[in-house]
Amino acid sequence: MLIPFPYKLILASNSPRRKELLAGLNLDFEVKVIPGIDENYPADMPTENIARYLAELKAKPYEGIVADREIVITADTVVIVNSHVLGKPKDAAQARAMLQELSGCTHEVATGVCFTSQKRKHSFSVSTKVTFGTLSSEEIDYYIDRYRPFDKAGAYGIQEWIGYVGVTRLEGSYFNVMGLPVQRIWTELQRFVDDSHEDSVL
């Protein structure tokens, strides 16, 4: 049974993982994606700001078309290791190099989220620290060949086989690593709606 909510939610993402996670909140929502949105960030931007910046960048095309009583949710997840960002691998060789770099160390997964309504915009980011044990070449090759993680930042999905056998420690939200910090989204949505109501009263 869906939970009543005063706004219509629009998830601006084609990610099946984000769709699954948002659905877990039992809120009614619709997926609506504008194609061809720029996802580049300044080369000198601090790594801790990138996810939030990209979520806000993805929200810009929706600013003029958001209907009354709608909230558009945009998000972006980045993997940060050794002070640089790992994006989505272009091929198996790049995926292998990324997983070799993540092997045996702790990295950070940051997801930026932006809410956009007709009158307001609100963004935030959530960070989780993930530690991998040492991954063998055979484990890395098996994962890449079997799961083809080319649509995932850092070349892995924690909910897949590599997360089962490789992750030794997690500090923060597991769902954030999957791509959407749903607990924080739930909390921020309540605050966003309350603040919007206050704005309408003034």
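The structure presented is a predicted model; accordingly, all values stated were derived computationally and were not measured.
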- request: Take E56 and H122 through the side-chain hydrogen bond (donor to acceptor under 3.5 Å, both in side chains) test and state the conclusion after the steps.
  value: CA-CA 9 Å; E56 292 177 352; H122 172 63; over 6 Å; no
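- Looking only at distances, a side-chain donor or acceptor of N176 sits under 3.5 Å from a matching main-chain atom of V109.
- No close placement of the Y147 and Y156 rings is indicated, their centers lying 6.0 Å or farther apart.
- Of the possible polar contacts, one joining the R52 side chain to the S123 backbone as a donor-acceptor pair under 3.5 Å is found.
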message: Evaluate D76 against T111 for side-chain contact (heavy atoms from CB on, under 4.5 Å), listing each step before the verdict.
response: CA-CA 5 Å; D76 197 275; T111 299; over 6 Å; no
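- In summary, the aromatic rings of F124 and F115 are positioned with their centroids under 6.0 Å apart.
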query: Would V81 and C105 satisfy side-chain contact (heavy atoms from CB on, under 4.5 Å), going step by step from the backbone distance to the final call?
result: CA-CA 9 Å; V81 60; C105 71; 4.1 Å; yes
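- A donor-acceptor pair under 3.5 Å is formed between the side chain of Q94 and the backbone N or O of K90.
- Panel note: side chain E188, backbone I185; no donor-acceptor pair is recorded below 3.5 Å.
- The backbone N or O of S173 lies less than 3.5 Å from a partner atom in the side chain of T128, making a donor-acceptor pair.
- Put simply, CG on L102 and CG on L135 are 8.0 Å apart, with the number rounded to the nearest 0.5 Å.
- Under a 4.0 Å N-O distance rule, the pair E160/K152 qualifies as a salt bridge.
- In the hydrophobic clustering of ILVMFWY residues, with side-chain heavy atoms under 4.5 Å counting as a link, I158 and I140 come out together.
- Side-chain atoms of I71 and L189, non-hydrogen and from C-beta on, do get closer than 4.5 Å to each other.
- Interatomic distance, NZ of K19 versus CG of N14, reported as 9.5 Å (0.5 Å rounding).
- W186 places a side-chain heavy atom less than 4.5 Å from the side chain of L27.
- With a 4.5 Å cut-off on side-chain heavy atoms, L11 and E30 do not count as touching.
- Salt-bridge formation is not detected for the pair K88/D151: no Lys NZ or Arg NE/NH1/NH2 atom is positioned less than 4.0 Å from an Asp or Glu carboxylate oxygen.
- Residue N40 holds its CG atom at 8.0 Å from CG of L57, rounded to the nearest 0.5 Å.
- Of all the heavy atoms in A51 and G112, the pair that sits closest is CB-N, 3.4 Å.
- A 4.5 Å side-chain heavy-atom check between H84 and T47 finds every atom pair outside the cut-off.
- L180 and A75 make their closest contact through CD1-CB, 3.9 Å (heavy atoms, listed as atom of the first residue, atom of the second, distance).
- Note that CD1 of I10 is 9.5 Å distant from CD1 of I65, once rounded to the nearest 0.5 Å.
- Between the side chain of R18 and the backbone N or O of G179, at least one donor-acceptor pair lies under 3.5 Å.
- Counting heavy atoms from C-beta on, the side chains of L21 and M178 come closer than 4.5 Å.
- The side-chain heavy atoms of L99 and Y143, taken from C-beta on, include a pair separated by under 4.5 Å.
- Nearest heavy-atom pair, M98 versus G87, reported as atom, atom and distance to 0.1 Å: CE-O, 3.3 Å.
- Side-chain contact between F29 and V31 is present, with at least one heavy-atom pair separated by less than 4.5 Å.
- Tracing side-chain contacts under 4.5 Å through hydrophobic residues (I, L, V, M, F, W, Y), one never reaches M45 starting from V79; they form parts of separate clusters.
- Closest non-hydrogen pair, P149 versus P89, comes out as O-CG, 3.6 Å.
- Contact record, V193 with P6: CG1-CG, 3.7 Å, taken as the closest heavy-atom pair.
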task: Would you sort out whether Q190 and F5 count as a side-chain contact (heavy atoms from CB on, under 4.5 Å), showing the intermediate values?
output: CA-CA 9 Å; Q190 313 307 315; F5 195 72; 4.2 Å; yes
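- In this structure, Y7 and F192 have perpendicular ring planes: the angle between them is above 60°, well past the 30° mark.
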task: Give the C-alpha distance, both sets of side-chain angles, the deciding distance and a yes or no for side-chain contact (heavy atoms from CB on, under 4.5 Å) between Y62 and I37.
output: CA-CA 11 Å; Y62 295 89; I37 294 178; 4.0 Å; yes
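- Rounded to the nearest 0.5 Å, atoms CG (L25) and CD1 (I3) are 7.5 Å apart.
- The CG atom of L54 sits 7.5 Å away from atom OH of Y41, with the distance rounded to the nearest 0.5 Å.
- Between the side chain of E70 and the main chain of K8, no donor-acceptor pair closer than 3.5 Å is present.
- Judged purely by atom type and a 3.5 angstrom limit, E20 has no side-chain atom pairing as donor or acceptor with the backbone of R17.
- Cluster annotation: I80 and V113 are assigned to distinct hydrophobic clusters (Ile/Leu/Val/Met/Phe/Trp/Tyr, side-chain heavy-atom contacts under 4.5 Å, transitive).
- Pairing each heavy atom of Q159 with each of Y164, the nearest pair is O-CE1, 3.4 Å.
- With hydrogens and angles disregarded, no donor-acceptor distance shorter than 3.5 Å links the side chain of E63 to the backbone of A59.
- The shortest side-chain heavy-atom distance between V167 and V130 falls under the 4.5 Å cut-off.
- Listed for the T106 side chain is no donor-acceptor partner under 3.5 Å among the backbone atoms of T131.
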